[in-house]
**Student:** 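Below is a structure I'd like to ask you about.
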Amino acid sequence: MEQRGAETGSTACRVFTFKDAKAPQESLSVCIPEVLDPQYGMYVWPCAVVLAQYLWFYRDQLRGRAVLELGAGVSLPGVVAARCGAEVILSDGSDKPMCLENCRRSCEANGLQDVTVLGLSWGDVSPDLLLLPKQDIVLGSDVFYDPEDFEDVLVTFVCLLRKNPKAQFWTTYQVRSSDWSIEALLHRWKLDCVTVPLADFDADQPELAGSTLPGNHSIQMMILTRRTEAE
């Protein structure tokens, strides 16, 4: 049964509990404040739970790693990464102060005092982007939502690759149209993409982390990396 915390005004805290079938004694619960608002970044989307499940499944790879979440919104993946020992920066559009406030609210709800919240707009090669320290992992939950943003998201990742060519982009994508593809853009920006089967990290089910998400939505998990010269 999905858990809901106390509501404050139009904000409700939604609890997600991640468990390990092979190690029942290990679990992680996080509280994500959701705001009843029409802006997209104000609540948890199906892709976010799948990406968070991937992070939980591979939590041993996160400790001490530098992780940046793009378009974080309510920040479920970034919060899970931080709780698993990663050094996390949460970002959302520099023109979306309410979404940035959501990021801060999620950190407060989970006792995360060392997480940085930063305004970064996709495709904007801003001083804040250029001054970021080297990142090992970039997270993006449903950032490939609008085809008009696809290239801007990739440009932001390519900028981050300048400081760490071995960085990886872990992203989940909800299939909405068979006509939408990033294949041509990956070729243009010299990126490789590997699709990870959901069954590989126990995400091939409609209800994850004690929630009703992702439901019956078709979600893909992808890892993007810089294409090597040999390819």
**Student:** Hey, can you tell me if Y173 and F144 have their rings parallel, tilted or perpendicular (30° and 60° cut-offs)?
**Tutor:**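 Y173 and F144: perpendicular rings.
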**Student:** Can you pull the ring-ring contact (aromatic ring centres under 6.0 Å, His included) pairs that have at least one residue in residues 96-125, sequence neighbours excluded?
**Tutor:**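 Those involving residues 96-125 do not exist here.
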**Student:** Measure the spacing between SG of C193 and NE2 of H187 and express it to the nearest 0.5 Å.
**Tutor:** 15.0 Å
**Student:** Could you check if a side-chain atom of S75 sits within less than 4.5 angstrom of a side-chain atom of C107, using non-hydrogen atoms only?
**Tutor:**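 Result no, sub-4.5 Å side-chain heavy-atom pair not found.
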**Student:** Could you check whether any side-chain heavy atom of E69 comes within less than 4.5 Å of a side-chain heavy atom of I89, counting everything from C-beta outward?
**Tutor:**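 Side-chain contact under 4.5 Å: no.
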**Student:** In sequence, state the C-alpha distance, the side-chain angles, and the governing distance for L213 and W45, and then conclude on side-chain contact (heavy atoms from CB on, under 4.5 Å).
**Tutor:** CA-CA 8 Å; L213 298 174; W45 283 52; over 6 Å; no
**Student:** Between the side chains of S29 and T17, does any donor sit under 3.5 Å from an acceptor?
**Tutor:** yes
**Student:** If you look at every heavy atom in T172 and C47, which pair is closest and at what distance?
**Tutor:**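 Where T172 meets C47 most closely, the heavy atoms are OG1-O, 3.0 Å.
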**Student:** Please determine if K22 and D202 form a salt bridge, counting it only when a charged side-chain N lies under 4.0 Å from a carboxylate O.
**Tutor:**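 Not counted as a salt bridge, because no side-chain N and carboxylate O are separated by less than 4.0 Å.
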**Student:** First locate atom CG of L139, then atom CD of Q168, and finally report the distance between them rounded to the nearest 0.5 Å.
**Tutor:**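 So the CG of L139 and the CD of Q168 are separated by 11.0 Å.
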**Student:** Should we count NZ of K134 as having more than 12 external heavy atoms under 6.0 Å?
**Tutor:** no
**Student:** Report the distance from atom SG of C159 to atom CG of L154, rounding to the nearest 0.5 Å.
**Tutor:**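 One gets 11.0 Å once the value is rounded to the nearest 0.5 Å.
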**Student:** Check the pair V79, I32 against side-chain contact (heavy atoms from CB on, under 4.5 Å), reporting the backbone distance first and the verdict last.
**Tutor:** CA-CA 9 Å; V79 165; I32 302 297; 4.3 Å; yes
**Student:** List in chain and number order the residues that pass side-chain hydrogen bond (donor to acceptor under 3.5 Å, both in side chains) with R65, two or more places apart in sequence or in another chain; answer none if no residue qualifies.
**Tutor:**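 If we apply the side-chain hydrogen bond (donor to acceptor under 3.5 Å, both in side chains) test to R65, skipping adjacent residues, there are no hits.
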**Student:** Is the number of heavy atoms from other residues, nucleotides or ligands under 6.0 Å of D95 CG greater than 12?
**Tutor:**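 Correct, the count exceeds 12.
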**Student:** Hey, is CD on Q205 packed in by over 12 heavy atoms from elsewhere, all under 6.0 Å?
**Tutor:** yes
**Student:** Going by the rule disulfide (SG to SG under 2.5 Å), which residues pair with C84 if we only count those two or more places apart in sequence or in a different chain?
**Tutor:**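 C84: no disulfide (SG to SG under 2.5 Å) contacts found.
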**Student:** Angle class for the Y54/Y58 ring planes (parallel below 30°, perpendicular above 60°, tilted otherwise)?
**Tutor:** tilted
**Student:** Output yes when E101 and R104 qualify as a salt bridge under the 4.0 Å nitrogen-oxygen rule, no when they do not.
**Tutor:** yes
**Student:** Is the side chain of N110 donor-acceptor paired with the backbone N or O of C31 at a distance under 3.5 Å, no angle test?
**Tutor:** yes
**Student:** Before giving the answer on side-chain contact (heavy atoms from CB on, under 4.5 Å), spell out for H217 and V175 the whole-Å C-alpha distance, their side-chain angles and the decisive distance to 0.1 Å.
**Tutor:** CA-CA 8 Å; H217 298 288; V175 179; over 6 Å; no
**Student:** Let me check something: do F157 and V67 share a hydrophobic cluster, defined by ILVMFWY side-chain heavy atoms less than 4.5 Å apart, either directly or through other members?
**Tutor:**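 No, it is not one cluster - the side chains of F157 and V67 are not joined through contacts under 4.5 Å.
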**Student:** Test of understanding: clusters of I, L, V, M, F, W, Y form through side-chain heavy atoms closer than 4.5 Å, transitively. Do V74 and L118 belong to the same one?
**Tutor:** no
**Student:** Looking at D20 and R59, does any basic side-chain N land under 4.0 Å from a carboxylate oxygen?
**Tutor:** yes
**Student:** Same cluster for V138 and W189 if Ile/Leu/Val/Met/Phe/Trp/Tyr side chains link at under 4.5 Å?
**Tutor:** yes
**Student:** Does any non-hydrogen side-chain atom of Q174 lie less than 4.5 Å from one of Q220?
**Tutor:**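 No, their side chains stay 4.5 Å or more apart.
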**Student:** Does W56 have its ring centroid less than 6.0 Å away from the ring centroid of F201?
**Tutor:** no
**Student:** Under the side-chain contact (heavy atoms from CB on, under 4.5 Å) rule, what do R83 and L112 come out as? Steps first, then yes or no, please.
**Tutor:** CA-CA 8 Å; R83 290 286 305 275; L112 300 173; 4.0 Å; yes
**Student:** To the nearest 0.5 Å, what is the distance between CG on L160 and CG on L120?
**Tutor:** 8.0 Å
**Student:** Report the distance from atom SG of C103 to atom CG of L90, rounding to the nearest 0.5 Å.
**Tutor:**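 Result: 5.0 Å between the selected atoms.
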